[in-house]
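First the proteins, then the strands, lettered A, B, ... as listed; each starts at 1. Worth knowing before you read on, the calculation uses all heavy atoms, side chains too, and leaves out hydrogens, waters and symmetry mates. Every value quoted in this text rests on a predicted model; they were computed, and no experiment measured them.
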Number of protein chains: 2
Amino acid sequence: MTSQPAARARQRDADRTRAEILAVARSEFARNGYAGARVDEIAELMRTTKRMIYYYFGSKERLYIAVLEKAYAEVRDVERTLDVEHLAPVEAIRTLAELTFDHHDAHREFIKLVAIENIHQAEHIRKSEVLANLGTPVLDLISRILAAGRATGDFVTEADAIDVHMMISSFCFFRVANQHTFGALFGRDMTAGEHRARLRRMVGEMAVAYLRGAGARA
Amino acid sequence: MTSQPAARARQRDADRTRAEILAVARSEFARNGYAGARVDEIAELMRTTKRMIYYYFGSKERLYIAVLEKAYAEVRDVERTLDVEHLAPVEAIRTLAELTFDHHDAHREFIKLVAIENIHQAEHIRKSEVLANLGTPVLDLISRILAAGRATGDFVTEADAIDVHMMISSFCFFRVANQHTFGALFGRDMTAGEHRARLRRMVGEMAVAYLRGAGARA
DNA sequence: GGTGTTACGAACTAGATAGTTAATTAACGT
DNA sequence: ACGTTAATTAACTATCTAGTTCGTAACACC
């Protein structure tokens with residue numbers, strides 16, 4: 001017989017140690033910002049020690065970049081599953097806007113990471129080779145919907161795909177990212193359940209109404 | 001005659017020392033976030049010493065709160081000068097949206113402070129007695145425009161003043177606050193001059209088109 | 001069952017950082 | 001002139017924090 005119980009799980013597992021560090025680091029960075037995050041705090045929340053963070057990632061900054069890379073990779077995977085092109089242009093845009101809303105609603109930590117990265121002027125994204133060259137499938141999708149909508153005469157505005165993506169994202173992002181100051185100043189929690197359905201409708205109607213050209217000057 | 005040259009500025013001036021600390025602190029906090037800001041760094045950028053920060057503000061956190069209070073007070077003063085009620089509802093909303101755009105364009109540091117405060121879940125705003133009870137004149141303004149627009153039949157959507165304010169703010173805020181990650185990922189600087197006029201038109205058209213109900217489901 | 005390699009842990013360090021102590025000087029009223 | 005107080009300075013400290021040193025134990029392979 002061995003000196004170790006055979007039933008015991010592996011005690012050394014590089015993959016899960018690495019993954020756990022990333023998961024804990026993500027929430028620590030999202031909660032406290034880059035400078036506010038503490039490497040010791042991350043270590044304490046894990047089964048392993050601080051030494052492992054440096055073993056696998058080398059530095060606080062490289063750990064943070066790895067967190068960003070993983071977060072963005074997951075988002076892009078979701079975007080690739082978007083399937084709205086079977087719809088007529090108007091409904092395709094509306095649905096895309098509503099799905100974007102849902103996606104932001106479901107990925108609050110990612111949104112905080114993006115907000116944090118903007119405070120640092122995206123310097124870490126620019127340092128990442130994988131992120132700096134990360135296209136986004138959603139732009140092609142919007143381009144195709146816009147072209148189809150212009151062909152049918154439904155869409156008349158000058159905006160291009162990036163503009164439309166920005167318009168939709170801004171609404172969805174702001175609602176989550178700015179919920180705290182907005183709530184403190186206006187006494188309304190934009191992320192509360194009682195407002196969710198109305199705001200979700202709103203982003204779809206907003207995108208459609210704009211593209212139809214209803215806001216043009218007389 | 002006095003022992004001091006009359007032309008010489010006062011060497012001790014509580015008001016200007018206090019004001020200089022606030023100004024330097026604002027840009028330091030905006031640049032680096034709350035945790036990333038360094039009290040020593042603020043001191044080095046001033047004519048005075050670190051001790052003065054503690055003399056006037058007591059702690060890093062109270063300094064930060066004072067910076068927020070001053071920044072929000074300035075914004076509210078601008079909002080009070082908004083004068084669009086002489087316009088018809090549609091043009092009033094469009095103009096309000098475009099002025100909001102201009103305002104965000106001109107106050108980048110304030111926007112960064114708000115983004116930073118959201119990362120910290122507005123905990124400092126809530127600690128401030130003056131900020132926690134800060135209403136916003138713009139909400140009343142929007143309410144009146146909405147009522148007028150519904151009376152004329154121009155506006156038909158369900159959104160209330162807070163919703164409309166959120167929709168307009170999100171576009172303007174996002175463009176500035178997320179310029180860095182957006183630029184890194186999509187290769188477009190939303191704040192560059194070549195996009196400014198188009199995006200400014202866009203926020204006005206978006207608000208008007210939405211309120212006219214052009215996005216409603218068939 | 002021995003050997004090399006990968007994964008891991010405890011304790012440590014150098015420098016940074018918020019906050020303090022205590023002495024000093026300018027302004028101002030009388 | 002002079003005393004009082006508000007404003008200011010330089011040097012100090014306790015603690016925190018990213019990053020390291022060095023030794024050890026599990027695993028793979030033969």
What is the distance, rounded to the nearest whole Å, between atom [atom1] of [X] and atom [atom2] of [N]?
X	N	atom1	atom2	value
Arg16(A)	dT6(C)	CZ	C1'	16 Å
Met52(A)	dG9(C)	CE	P	6 Å
Glu44(A)	dG9(C)	CD	C1'	15 Å
Ile42(A)	dG19(D)	CD1	P	11 Å
Ile53(B)	dT17(C)	CD1	P	14 Å
Ile21(B)	dA7(D)	CD1	P	11 Å
Lys50(B)	dC12(D)	NZ	P	14 Å
Tyr54(B)	dT20(C)	OH	P	8 Å

Side chain to side chain donor-acceptor pair (under 3.5 Å) partners of residues 179-188 of chain B, not counting sequence neighbours, each pair once: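 Listed once each, the pairs are Asn118(A)-Thr181(B), Asp160(A)-Arg188(B), Asp163(A)-Arg188(B), Gln179(B)-Thr191(B).
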Measure distances between side-chain N and O atoms of Arg51(B) and base N and O atoms of dT21(C), and say whether any donor-acceptor pair falls under 3.5 Å.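 Checked by distance alone, the answer is yes.
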List the residues meeting ring-ring contact (aromatic ring centres under 6.0 Å, His included) with Phe57(A), not counting sequence neighbours, and say none if there are none.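 Phe57(A) satisfies ring-ring contact (aromatic ring centres under 6.0 Å, His included) with no other residue.
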Please identify each residue that fulfils ring-ring contact (aromatic ring centres under 6.0 Å, His included) with Phe171(B), with sequence neighbours left out.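 None.
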Please list, for nucleotides 3-6 of chain D, all pairs of protein and nucleotide N/O atoms separated by less than 3.5 Å.
from, atom 1, to, atom 2, distance (Å)
dA6(D), N3, Arg12(B), NH1, 3.3

Intermediate values then yes/no, ring pair (Phe, Tyr, Trp, His ring centres under 6.0 Å), Phe186(A) and His165(B): CA-CA 10 Å; Phe186(A) 303 121; His165(B) 178 60; 5.1 Å; yes
Arg201(A)/Glu158(B) ion pair, N-O < 4.0 Å: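 Counted as a salt bridge, because a side-chain N and a carboxylate O are separated by less than 4.0 Å.
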Evaluate Tyr34(A) against His124(A) for ring pair (Phe, Tyr, Trp, His ring centres under 6.0 Å), listing each step before the verdict. CA-CA 10 Å; Tyr34(A) 176 68; His124(A) 306 101; 4.9 Å; yes
Between Glu91(A) and Arg94(A), does the salt bridge (Lys or Arg N to Asp or Glu O under 4.0 Å) criterion hold? Intermediate values first, please. CA-CA 5 Å; Glu91(A) 291 314 309; Arg94(A) 188 199 309 283; 3.1 Å; yes
Identify, residue by residue, the members of residues 58-66 of chain B with a heavy atom below 4.0 Å from DNA chain C, and return them in order of residue number, or none.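 Close to the strand are Ser59(B), Lys60(B).
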So which of residues 24-40 of chain B are in contact with DNA chain C, with a heavy-atom cut-off of under 4.0 Å?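 Ala37(B), Arg38(B), Val39(B), Asp40(B), in order of number.
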Around Arg31(A), counting heavy atoms of other residues, nucleotides and ligands shown, do more than 12 lie under 6.0 Å from its CZ?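 Not more than 12 within 6.0 Å, no.
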So, taking the atom named CD1 in Ile42(A) and the one named CD in Glu20(A), what distance separates them when rounded to the nearest 0.5 Å?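 Ile42(A) CD1 to Glu20(A) CD: 12.0 Å, rounded to 0.5 Å.
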Could you give the distance from CD1 (Ile162(A)) to OG1 (Thr136(A)), rounded to the nearest 0.5 Å?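 Spacing of CD1 (Ile162(A)) from OG1 (Thr136(A)) equals 9.5 Å.
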Within the 3.5 Å criterion, strictly below it, is a donor on Glu117(B) or Tyr64(B) matched to an acceptor on the partner's side chain?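 Yes - a donor-acceptor pair under 3.5 Å links their side chains.
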Using a cut-off of strictly less than 4.0 Å, decide whether Thr48(A) has a side-chain nitrogen or oxygen near OP1 or OP2 of dG9(C).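 For dG9(C), OP1/OP2 do have a side-chain N/O of Thr48(A) under 4.0 Å.
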Quick check on dT8(D): is either OP1 or OP2 less than 4.0 Å from any side-chain nitrogen or oxygen of Thr17(B)?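 Indeed, a polar side-chain atom of Thr17(B) lies that close.
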Matching residue for Tyr72(A) among Val114(A), Leu113(A), Asp77(A) - test: side-chain contact (heavy atoms from CB on, under 4.5 Å):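 The passing option is Val114(A).
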Choosing from dT8(D), dC8(C), dA18(C), which nucleotide comes nearest the side chain of Tyr56(B)?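 Given the options dT8(D), dC8(C), dA18(C), the side chain of Tyr56(B) is closest to dT8(D).
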Which part of the nucleic acid, if any, lies within reach of Phe57(B) when heavy atoms closer than 4.0 Å are counted: base, sugar-phosphate only, or nothing?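 The answer is nothing, as Phe57(B) stays clear of every strand by at least 4.0 Å.
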